[in-house]
Amino acid sequence: MKSSSIVLATLLASGVAMPAMAQTAAQATTVAAAAASSGAPAAPSPANAQLANLAAQDFGRLSVDGNTAFEELSLARQAIYDGDLDTAKKLIASAQTALETAKADNTAFQKAEDELMPTKTRQQPPRPLASTGKQVAWLPIDGELVLDETVEPTPEKSAALAAANRHLKAGNTARASEVLRVSSVDADYIIAAVPLEQTRKDVAQAAKFIKSNPYKASEALRDAENAVRYASVDIQGAGQQSAGTQTAPSK
């Protein structure tokens, strides 16, 4: 993304380059069933199994349309700054359409805001009590693999992580997990999400004011950008941890 470096793992690549793994668990199930019927032994790598299991979780998929909408609203803010209100208006309208499509793509997950992280770092202050916040629908729009914070960075590990992210961006999750496995790189998958309904309201507000009050339209788009929250999932390349383990978002 142009405005935020943020995507979530889904599953085995379909062979088509798509924005960061916008495939579903059903595809992995089909692949597994085909392997079973052929008599081939199922022996996924630990990292591969983790990526596959993540797809069955609440935030196991990304919203391609949500990602598109978020990029467009960021571009619209820039257009407003540049004084190009016609372009901004078109981008806002396109973002609205993409959000309407995203609303029906079944990728949103339910969480209270305080169950997610305000920044990408996992070093958040502890929250002693269970969340009592209102559950809202969050649209997963982007994400990336980052080196686990307990791991000492080296040029080799950074290079392996960069390669894994390139494979994820191309939709090849099998290759990405293999890179992590052979490199024994422990990584975190950082998911970015936006509150679906509030984002729709912010973009609608921007559409309302883009001609009469561009500054107010820009403020509404800024509010949408500032609403991004994060969650993380451990991916242990060396396989010391059971597959599919999801870390609780730092409180």
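Along the sequence shown, residues carry numbers from 1. Since the structure is predicted, the reported quantities are computational estimates derived from the model, not experimental observations.
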TODO: Tell me, with the steps shown, if L73 and L91 meet side-chain contact (heavy atoms from CB on, under 4.5 Å).
DONE: CA-CA 7 Å; L73 68 86; L91 287 165; over 6 Å; no
TODO: Could you walk me through whether T68 and T101 pass side-chain contact (heavy atoms from CB on, under 4.5 Å), step by step?
DONE: CA-CA 11 Å; T68 297; T101 304; over 6 Å; no
TODO: I would like to know whether L145 and L180 meet side-chain contact (heavy atoms from CB on, under 4.5 Å); could you show each step before the answer?
DONE: CA-CA 10 Å; L145 286 163; L180 294 180; 4.2 Å; yes
TODO: Step by step, work out the side-chain contact (heavy atoms from CB on, under 4.5 Å) result for I141 and L62.
DONE: CA-CA 6 Å; I141 56 170; L62 292 181; over 6 Å; no
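Among all heavy-atom pairs drawn from E72 and S94, the shortest one is OE2-OG, 2.7 Å. Summarising the geometry of S63 relative to G66, their closest heavy-atom pair is OG-N, 2.9 Å, with the distance given to 0.1 Å. Contact record, A224 with F70: O-CE1, 3.7 Å, taken as the closest heavy-atom pair. Taking every heavy atom of both residues into account, L85 and I210 meet most closely at CD1-O, 3.9 Å. Of all heavy-atom pairs between A137 and A108, the closest is CB-CB, 4.2 Å. Closest non-hydrogen pair, A95 versus V203, comes out as CB-CG1, 4.3 Å.
Taking CD from Q78 and OG from S218, the interatomic distance works out to 9.5 Å, rounded to the nearest 0.5 Å. Taking NZ of K103 as the reference point, atom CG of D65 lies at 14.0 Å (rounded to 0.5 Å). With rounding to the nearest 0.5 angstrom, the OH atom of Y230 is 11.5 Å from the CG atom of L116. From T199, atom OG1 reaches atom CD of Q96 across 12.5 Å, with rounding to the nearest 0.5 Å. Within the model, atoms NZ of K201 and CG of L99 stand 13.5 Å from one another, a figure rounded to the nearest 0.5 Å. To the nearest 0.5 Å, atoms CG (L139) and CD (Q198) are separated by 13.5 Å.
Atom NZ of K89 has 12 or fewer heavy atoms from other residues, nucleotides or ligands within 6.0 Å.
Inter-residue side-chain proximity for W138 and Q110 is flagged as unmet; no heavy-atom pair is nearer than 4.5 Å. A heavy-atom distance below 4.5 Å is not found between the side chains of E178 and H167. Counting heavy atoms from C-beta on, the side chains of I80 and L221 come closer than 4.5 Å.
Judged by distance alone, the side chains of E219 and Q205 never bring a donor and an acceptor atom under 3.5 Å apart.
With sequence neighbours excluded, no residue forms a side-chain hydrogen bond (donor to acceptor under 3.5 Å, both in side chains) with S183. For R200, the side-chain hydrogen bond (donor to acceptor under 3.5 Å, both in side chains) partners at least two apart in sequence or on another chain are E100, E197.
The salt bridge (charged side-chain N to carboxylate O under 4.0 Å, His left out) contacts involving residues 76-87 comprise R77-E225, D86-K211, where partners must be two or more places apart or lie in separate chains.
Of the candidates V194, T107, N67, P140 forms a side-chain contact (heavy atoms from CB on, under 4.5 Å) with just one, namely T107.
Side chain of T97 to backbone of A93: a donor-acceptor contact under 3.5 angstrom is found.
V146 and V179 end up in different hydrophobic clusters when Ile, Leu, Val, Met, Phe, Trp and Tyr side chains are linked at under 4.5 Å.
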